[in-house]
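Here is how names work: the chains are called A, B, and so on, in the same order as the sequence lines, proteins then strands, and each is numbered from 1.
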Number of protein chains: 2
Amino acid sequence: MATIKDVARKANVSITTVSRVINNKTEGVSEETRERILKVMQDLNYQPNRIARGLVTKRTNTLGLILPDIANPFFPEIARGVEDTANIYGYNVILCNTDDRTDKEELYINVLKEKCVDGIVFTSSVNPVSEHIKQLMDYKMPFVLLDRYMDIDHLPGVYSDGYDGMYQITRYLFEMGHRDIAYIGGPSLSATAKHRYEGFEYALREYGVGLDDVLIEEGNYKISGGKEAMARLVEKGMDFTAVACANDLMAVGAMEVLKDKGYRIPEDVSVTGFDDIQLSGLIEPKLTTVAQPCYEMGAVATRMLIKLIEGQALEEQEIKLKPRLVIRNSVKRVI
Amino acid sequence: MATIKDVARKANVSITTVSRVINNKTEGVSEETRERILKVMQDLNYQPNRIARGLVTKRTNTLGLILPDIANPFFPEIARGVEDTANIYGYNVILCNTDDRTDKEELYINVLKEKCVDGIVFTSSVNPVSEHIKQLMDYKMPFVLLDRYMDIDHLPGVYSDGYDGMYQITRYLFEMGHRDIAYIGGPSLSATAKHRYEGFEYALREYGVGLDDVLIEEGNYKISGGKEAMARLVEKGMDFTAVACANDLMAVGAMEVLKDKGYRIPEDVSVTGFDDIQLSGLIEPKLTTVAQPCYEMGAVATRMLIKLIEGQALEEQEIKLKPRLVIRNSVKRVI
DNA sequence: TTGTAGGCGTTATCAG
DNA sequence: CTGATAACGCCTACAA
């Protein structure tokens, strides 16, 4: 609770001088008085009040992290990457869960502005750009998009290359001999889902398979969605030897339904996922999937954001990190 | 970027009057001027600066959440409970990962103080109370302990009753006919691990089994620790029909080793966990375990903290939430 | 109902 | 090398 005034008084100097040593201004303070002030600060257990400092410097050293749900297994690693990196550069992180609701997103953006965060790492659920995002831009608040595209040109952002990832894993299915491949995609309005689907499509074309010959279902990126989609697929007749899922959670749901119906994985049906969340390496059979560089995405996005905040130029506006194929036991070679 | 001054000028009133409408002071402003000011605020897109406000009110409406690692599957649900509750009451949450390191814990506490958070939800890795915790108390910064005990009397805290949970599940093993039960515990200096162990011990006593007859290993609460502990157990000879693990992650590790060695679960060995993290319901066999009320713990702790902050009395200093036995497929009835 | 003035704890500017 | 002093944006007696 000691303030700069208390320190100044006790050290017999002006607050200006104390401020100088607080901020490590090398010049302008004699070694002697610096020592004295330092000692007084220790004695008084003085800690500078960042609120007061922020009021004048216009910097809070605080970032906002907006994401749908930290309890969704995809995000903790990202959050950790963000927080670690922020911490390295002397920033803290305010966590915001939007549940993919535009109103909560707006609300958080507003309080983040009111609290004068220096910037925002932003996994938006809104696309295309809506009013509150534009306001963010007008406000000149630096922000970096994370994982979710927004259909507007050249917003700084970090993504994992879903197109490439889904292409890789579909191609792997073809190489394992599969020709009849079903697909469980994400919500069709999500850009991420679209990219993954396009990667799937591209691999299909490469192997000369028409889209008409393929069963496609849509899910909500959750276990429940995978279950429902797979139930529909089963109903339509099991006219495929493999299912590519747009994320691991849906793959897990799909596998549960398949097992319940008496199908063995991968003997009867091969299944692939996307994300490589922790449980994918632990379920039986272990899921073949695509690993997203989550921690790295968080870290890279945060580094970009801090560059932006500190007025440095970005080498690239959009960074796409390549996913990595993780081959485990849920895909069987056929014929 | 508009300030209260801009609004005042444009509305032809003093900043005092504007301040009154910002803070919804019902009296002291005529309906007419209030309307006018509200309109100007809209036009100017005015948002109050919380930093400035905080400087005078001494309240930031921000909480700190200190935990070991958000990427540890135990914590996201808790964090979500904290953030949701904070949000309801108008607070934001700064996320801090300590990796169970005292130095990081100290560092975060310091910046949290400098940033004048109103209070801290705190999963400490330090026990007994060390210097920086005492400073927190001296500082009169409200805080609520979460999940980890501290050996000092009556600090406000929320815990899941590990004693009771482990008692429940051990008792369940006995009821399923098991008599030779091995135990993989947490790090012996952790109070949580101690409580769970005591619950195990108590059930043993209740069923007349001596501690000497029981194989006990210690792990680090991670998958690797479960693997290592189980490897040691196997080496000592498989003199048990069931293993109770102090958390799910170690149970998963233990199960992997058992499977690798050719044992079937639960036919050859029954395994139980503790925590009920998401993957426990998805691995094969599904793990019988004890569900911790994570989200609720976060929510309850945050409500306590906010009471503390707002000067209300706490009905209870320590709240223990009862875990819930979750029976799945990793335990077999014997004889 | 409205306004004036002082202060919150810092930093920044400019003199000495 | 050191120190007044004026901001920063807002709240809050106290006056009018």
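Donor-acceptor pairing under 3.5 Å is recorded for the side chains of B:Ser30 and B:Thr33. Remark: the A:Lys115 side chain and the A:Thr62 side chain contain no N/O donor-acceptor pair separated by less than 3.5 Å. Side-chain atoms of A:Thr17 and A:Ser14 form a donor-acceptor pair, as typed in the model, at a separation below 3.5 Å. Residues A:Tyr108 and B:Asn87 bring a donor and an acceptor atom of their side chains to less than 3.5 Å of each other. If you check the side chains of A:Asn110 and B:Gln47, you find a donor sitting under 3.5 Å from an acceptor.
Five base pairs at each end of the helix from C:dT1-D:dA16 to C:dG16-D:dC1 define two local axes, and these are offset by 40° (rounded to 10°).
The CG atom of B:Leu44 sits 15 Å away from the C1' atom of D:dG9 (whole-angstrom rounding). Here D:dC1 presents its P atom at 12 Å from CD of A:Glu32, a figure rounded to the nearest Å.
Residues A:Val18 and A:Ala8 share a closest heavy-atom pair of CG2-CA, 3.7 Å.
Checked against side chain to side chain contact (heavy atoms under 4.5 Å, CB included), B:Thr192 has the following partners two or more places apart in sequence or in another chain: B:Arg148, B:Ser190, B:Arg196, B:Tyr221.
Taking the 5' to 3' direction, DNA chain C first and last meets chain B under 4.0 angstrom from a heavy atom at C:dT1 to C:dG9.
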Please tabulate, one pair per line, all N/O donor-acceptor pairs under 3.5 Å involving side-chain atoms of residues 292-304 of chain A, not counting sequence neighbours.
from     : atom 1 : to       : atom 2 : distance (Å)
A:Gln292 : OE1    : A:Ser160 : OG     : 2.3
A:Gln292 : NE2    : A:Asp275 : OD1    : 2.4
A:Tyr295 : OH     : A:Asp84  : OD2    : 2.5
A:Thr302 : OG1    : A:Gly298 : O      : 2.6

Please set out all donor-acceptor pairs under 3.5 angstrom arising from side-chain atoms of residues 308-317 of chain A, sequence neighbours excluded.
from     : atom 1 : to       : atom 2 : distance (Å)
A:Glu310 : OE2    : A:Tyr91  : OH     : 3.3
A:Glu315 : OE2    : A:Lys307 : NZ     : 3.0

Report all interatomic pairs (protein N or O, nucleotide N or O of nucleotides 10-13 of chain D) with separations under 3.5 Å.
from   : atom 1 : to      : atom 2 : distance (Å)
D:dC10 : OP1    : B:Tyr46 : OH     : 2.7
D:dC10 : OP1    : B:Asn49 : N      : 2.9
D:dC10 : OP2    : B:Ile4  : N      : 2.4
D:dC11 : OP1    : B:Asn23 : OD1    : 3.3
D:dC11 : OP1    : B:Asn23 : ND2    : 3.2
D:dC11 : OP1    : B:Arg53 : NE     : 2.8
D:dC11 : OP1    : B:Arg53 : NH2    : 3.4
D:dC11 : OP2    : B:Ser19 : OG     : 3.0

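Taking CG of A:Asp100 as the start and CG of A:Asp69 as the end, the distance is 9.0 Å to the nearest 0.5 Å.
Residue-to-nucleotide proximity on DNA chain C shows that, of B:Arg34 and B:Lys58, the 5′-proximal contact is made by B:Arg34.
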